[in-house]
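Basis for what follows: all heavy atoms, side chains included, without hydrogens, waters or symmetry-related copies. Treat the numbers as computed from the prediction; the structure is a model and nothing was measured.
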Amino acid sequence: MPVPAPVPAQRQRVNPLDLSNGDLTLLVIEDDPAGTFTVPELVDAGGGRVRIRTARNLTEAERLLTDDVHCVLVDLDLPADARRGDDPLAALRHVLQVAPRHAVLALTTSDRAELASAAVRAGAQDRLFREELDGPLLSRAIRYAVERKRADSVQVKLAESRLRAQENARLERGLLPTPLLQGSDLRFAARYRPGRSRALLGGDFYDTVRTPDGTVHAMIGDVCGHGPDEAALGVELRIAWRALTFAGLCGDELLSTLQQVLEHERESEEIFATLCTVDIAPDGRRAGLCLAGHPAPLLARPGQGAQLLPYEDGGPALGLLPRARWPRRQVELGGAWSLMMYTDGLIEGRSAGPGSPRLGQDGMVDMVNRQLARGLGGEDLLEAAVAEVRELNGGELTDDVAVLLLDRTGR
């Protein structure tokens with residue numbers, strides 16, 4: 001029976017800017033075999049070794065340029081044909097292009113100091129003069145060059161990270177909804193706090209639009225989970241809801257279609273979303289309510305305490321049952337009212353710090369009534385409510401929180 005050939009060990013990628021073992025490897029590119037570097041190794045003052053590899057041209061240098069090379073020393077006096085044109089820094093530029101992760105030193109003579117300075121401006125970490133070169137100077141220059149390259153790399157990564165963060169923030173801000181309520185006498189306010197650190201979007205989503213017949217439609221929802229995939233799915237559902245609403249769908253028909261969207265767009269069958277939709281009649285005095293596994297909204301009227309709207313007839317969350325139904329319930333609002341829609345992040349925080357019971361819907365109703373008793377409304381009410389929920393929780397909330405408030409002063 002033949003013996004299988006041994007599987008070669010996978011080569012571990014080495015960071016060329018890592019000086020942890022104390023030894024250095026220098027790749028020298030010069031065409032004179034009897035030139036400056038005639039020994040394979042030097043020992044610096046600290047006892048560290050500098051291993052030297054030499055390449056006669058750029059082609060050979062690319063073959064010898066491996067991750068264990070810490071620094072590349074380029075002879076600026078390479079023959080003109082190797083420099084590929086009239087540019088005296090062509091060889092250096094080529095090395096900078098093929099070795100972006102390595103430190104690079106430029107080598108020339110002191111009478112070409114201007115060219116040496118140009119090499120540093122072009123991207124080399126430092127320049128060395130041939131007649132001044134010795135072992136200690138070379139070792140020190142390599143270490144300094146590697147440290148400068150490492151510092152430059154850190155700065156580049158920080159700048160790239162800041163740019164990505166700015167781009168992501170602009171993108172996420174563009175994906176947040178802009179309510180379309182032109183012509184309506186309702187006032188709108190919202191607060192949104194994603195659970196993910198340094199994110200603007202979470203799995204919660206909301207929207208509000210007014211259709212041509214004067215009906216105001218509002219919705220709020222929550223995709224299970226808190227990552228970027230859930231945030232993206234929430235945006236898809238919100239945009240689909242807006243399009244379907246303007247197309248004239250409402251109630252069970254709309255939610256059934258949204259469930260199809262969810263089933264096609266989700267990554268796994270375990271993903272579901274809760275949803276609450278409200279359609280407010282043009283006169284503002286009544287509304288239709290549909291709940292898909294979502295907490296019922298809170299309704300407050302002047303002189304009355306806030307209370308939860310009926311939730312007994314709600315349907316399951318989207319994505320749980322293939323042929324589910326979501327009945328639409330008629331609700332009388334009255335002449336003046338405030339309707340608050342929210343996600344469960346507002347009620348699942350603790351009521352008195354870590355280890356205490358969750359706030360729950362009853363605790364939220366009490367908390368909102370305290371804010372209303374202080375005369376708060378609109379943006380101020382939502383700001384105070386979210387702040388108090390965080391305070392009761394004893395710290396930052398880990399779940400996404402979205403709160404939407406619609407007010408009508410009445411006539």
**Asked** From Arg63 CZ over to Leu58 CG, what is the distance, rounded to the nearest 0.5 angstrom?
**Response** 13.5 Å
**Item:** Any side-chain heavy-atom pair of Asp407 and Leu186 under 4.5 Å
**Value:** no
**Asked** Any side-chain donor paired with an acceptor under 3.5 Å for Gln361 and Tyr342?
**Response** yes
**For Arg130, the option from Thr109, Asp75, Thr108 that meets side chain to side chain donor-acceptor pair (under 3.5 Å)** = Asp75
**Prompt:** Counting distance only, does the side-chain N/O of Trp241 pair as donor-acceptor with the main-chain N or O of Met219 below 3.5 Å?
**Reply:** no
**Request:** Let me see the working for Thr274 and Asp344 under side chain to side chain contact (heavy atoms under 4.5 Å, CB included), right down to the final yes or no.
**Result:** CA-CA 10 Å; Thr274 66; Asp344 59 8; 5.9 Å; no
**Message:** Applying salt bridge (charged side-chain N to carboxylate O under 4.0 Å, His left out) as the test, list every pair that has at least one member in residues 220-232; sequence neighbours left out.
**Reply:** none
**Fill in**
Here the salt bridge (charged side-chain N to carboxylate O under 4.0 Å, His left out) pairs for residues 356-369, sequence neighbours left out, are none
**Message:** Check this for me: Arg286, atom CZ, are more than 12 non-hydrogen atoms of other residues, nucleotides or ligands nearer than 6.0 Å?
**Reply:** no
**Prompt:** When you measure from the side chain of Glu388 to the backbone N and O of Glu383, does any donor-acceptor pair fall under 3.5 Å?
**Reply:** no
**Item:** Asp204 versus Thr343, side-chain donor and acceptor atoms under 3.5 Å
**Value:** yes
**Message:** Give me the atom names and distance for the closest heavy-atom approach of Leu262 to Leu318.
**Reply:** CD2-O, 3.1 Å
**Prompt:** Salt bridge or not for Asp279 and Arg328, using N-O below 4.0 Å?
**Reply:** yes
**Item:** Polar contact flag, side-chain donor to acceptor under 3.5 angstrom, Thr66-Arg53
**Value:** yes
**Whether Thr25 side chain and His70 backbone form a donor-acceptor pair below 3.5 Å** = no
**Item:** Reported CE-to-CG distance for the pair Met341 and Leu298, which is rounded to 0.5 angstrom
**Value:** 12.0 Å
**Prompt:** Considering all heavy atoms of both residues, which atom of Asp207 and which atom of Pro177 are nearest to each other, and what is their separation?
**Reply:** OD1-CB, 3.7 Å
**Item:** Enclosure of Glu132 CD (heavy-atom neighbours >12, cutoff 6.0 Å)
**Value:** yes
**Message:** Between Glu396 and Arg193, does the salt bridge (charged side-chain N to carboxylate O under 4.0 Å, His left out) criterion hold? Intermediate values first, please.
**Reply:** CA-CA 10 Å; Glu396 194 60 68; Arg193 184 186 295 272; 3.6 Å; yes
**Request:** Check the surroundings of atom CD in Gln182: do more than 12 heavy atoms from other residues, nucleotides or ligands lie under 6.0 Å from it?
**Result:** no
**Request:** Check whether more than 12 heavy atoms from other residues, nucleotides or ligands sit under 6.0 Å from atom CD of Glu114, and answer yes or no.
**Result:** no
**Asked** Any side-chain heavy-atom pair from Leu376 and Leu372 closer than 4.5 angstrom?
**Response** no
**Prompt:** Going by heavy atoms in the side chains, are Phe246 and Leu180 under 4.5 Å from each other?
**Reply:** yes
**Residues, nucleotides or ligands: over 12 heavy atoms within 6.0 Å of Phe129 CZ** = yes
**Message:** Keeping Trp326 on the side-chain end and Asp313 on the backbone end, is there a donor-acceptor pair under 3.5 Å?
**Reply:** no
**Message:** Filter on salt bridge (charged side-chain N to carboxylate O under 4.0 Å, His left out), then keep only pairs touching residues 117-128, sequence neighbours left out; what's left?
**Reply:** Asp126-Arg148
**Message:** Tell me the closest heavy-atom pair linking Val365 and Ala306, and the distance in Å.
**Reply:** CG1-O, 3.4 Å
**Message:** For a 4.5 angstrom cut-off between non-hydrogen side-chain atoms, does Leu233 reach Arg266?
**Reply:** yes
**Asked** Between Gln125 (side chain) and Leu105 (backbone), is there a donor-acceptor pair under 3.5 Å?
**Response** no
**Message:** Return the CZ to SG distance between Arg143 and Cys71, rounded to the nearest 0.5 Å.
**Reply:** 11.5 Å
**Request:** Check the surroundings of atom CD in Glu263: do more than 12 heavy atoms from other residues, nucleotides or ligands lie under 6.0 Å from it?
**Result:** yes
**Request:** Could you tell me whether the side chain of Tyr311 and the main chain of His294 form a donor-acceptor pair under 3.5 Å?
**Result:** no
**Stepwise side chain to side chain contact (heavy atoms under 4.5 Å, CB included) test for Cys276 and Ile220** = CA-CA 5 Å; Cys276 169; Ile220 195 164; 4.0 Å; yes
**Request:** With rounding to the nearest 0.5 Å, note down the distance linking CD1 in Ile29 to NE2 in His94.
**Result:** 8.0 Å
**Item:** Pair Asp87 + Arg93: basic N to acidic O under 4.0 Å
**Value:** yes
**Asked** Would you say the side chain of Leu107 lies within less than 4.5 Å of the side chain of Val74, judging by non-hydrogen atoms?
**Response** no
**Prompt:** Would you call Arg191 and Glu379 a salt bridge, using N to O less than 4.0 angstrom?
**Reply:** yes
**Asked** When you measure from the side chain of Arg238 to the backbone N and O of Phe205, does any donor-acceptor pair fall under 3.5 Å?
**Response** no
**Message:** Quick check against the 3.5 Å criterion: does Ser356 have a side-chain atom that pairs as donor or acceptor with the backbone of Gly353?
**Reply:** yes
**Message:** When you measure from the side chain of Gln155 to the backbone of Ala151, do you find a donor-acceptor pair of N or O atoms at a distance under 3.5 Å?
**Reply:** no
**Gly225 to Asp400 - nearest heavy-atom pair and separation** = O-OD2, 4.1 Å
**Fill in**
Looking only at heavy atoms, the pair that brings Ala324 and Asp252 closest together is O-OD1, 4.3 Å
**Asked** Are the side chains of Leu26 and Val69 in touch, meaning some heavy atoms are under 4.5 Å apart?
**Response** no
**Message:** Testing the basics here: between Leu76 and Arg112, what is the closest heavy-atom pair and its distance to 0.1 Å?
**Reply:** O-NH1, 4.1 Å
**Request:** State whether the side chain of His264 and the backbone N or O of Gln260 hold a donor-acceptor pair below 3.5 Å, judged by distance alone.
**Result:** yes
**Prompt:** Taking atom OG of Ser256 and atom CZ of Arg323, what is their separation to the nearest 0.5 Å?
**Reply:** 12.0 Å
**Request:** Determine, step by step, whether Leu255 and Thr277 satisfy the side chain to side chain contact (heavy atoms under 4.5 Å, CB included) criterion, reporting the C-alpha distance in whole Å, the side-chain angles of both residues, the deciding distance to 0.1 Å, and the verdict.
**Result:** CA-CA 9 Å; Leu255 292 175; Thr277 68; 4.1 Å; yes
**Asked** Given the rule in the side chain to side chain contact (heavy atoms under 4.5 Å, CB included) test, do Ser338 and Leu381 qualify, once you have shown the distances and angles that lead to the verdict?
**Response** CA-CA 11 Å; Ser338 295; Leu381 173 61; 5.8 Å; no
**Item:** Leu275 vs Leu258 side-chain heavy atoms within contact, under 4.5 Å
**Value:** yes
**Asked** Looking at side-chain heavy atoms only, is the closest gap between Arg101 and Asp67 below 4.5 Å?
**Response** yes
**Asked** Looking at CZ of Arg390 and CG of Leu346, how far apart are the two atoms once the value is rounded to the nearest 0.5 Å?
**Response** 12.5 Å
**Thr211 side chain to His217 side chain, donor-acceptor N/O pair below 3.5 angstrom** = yes
**Item:** Neighbour count above 12 (heavy atom, 6.0 Å) for Glu312 CD
**Value:** yes
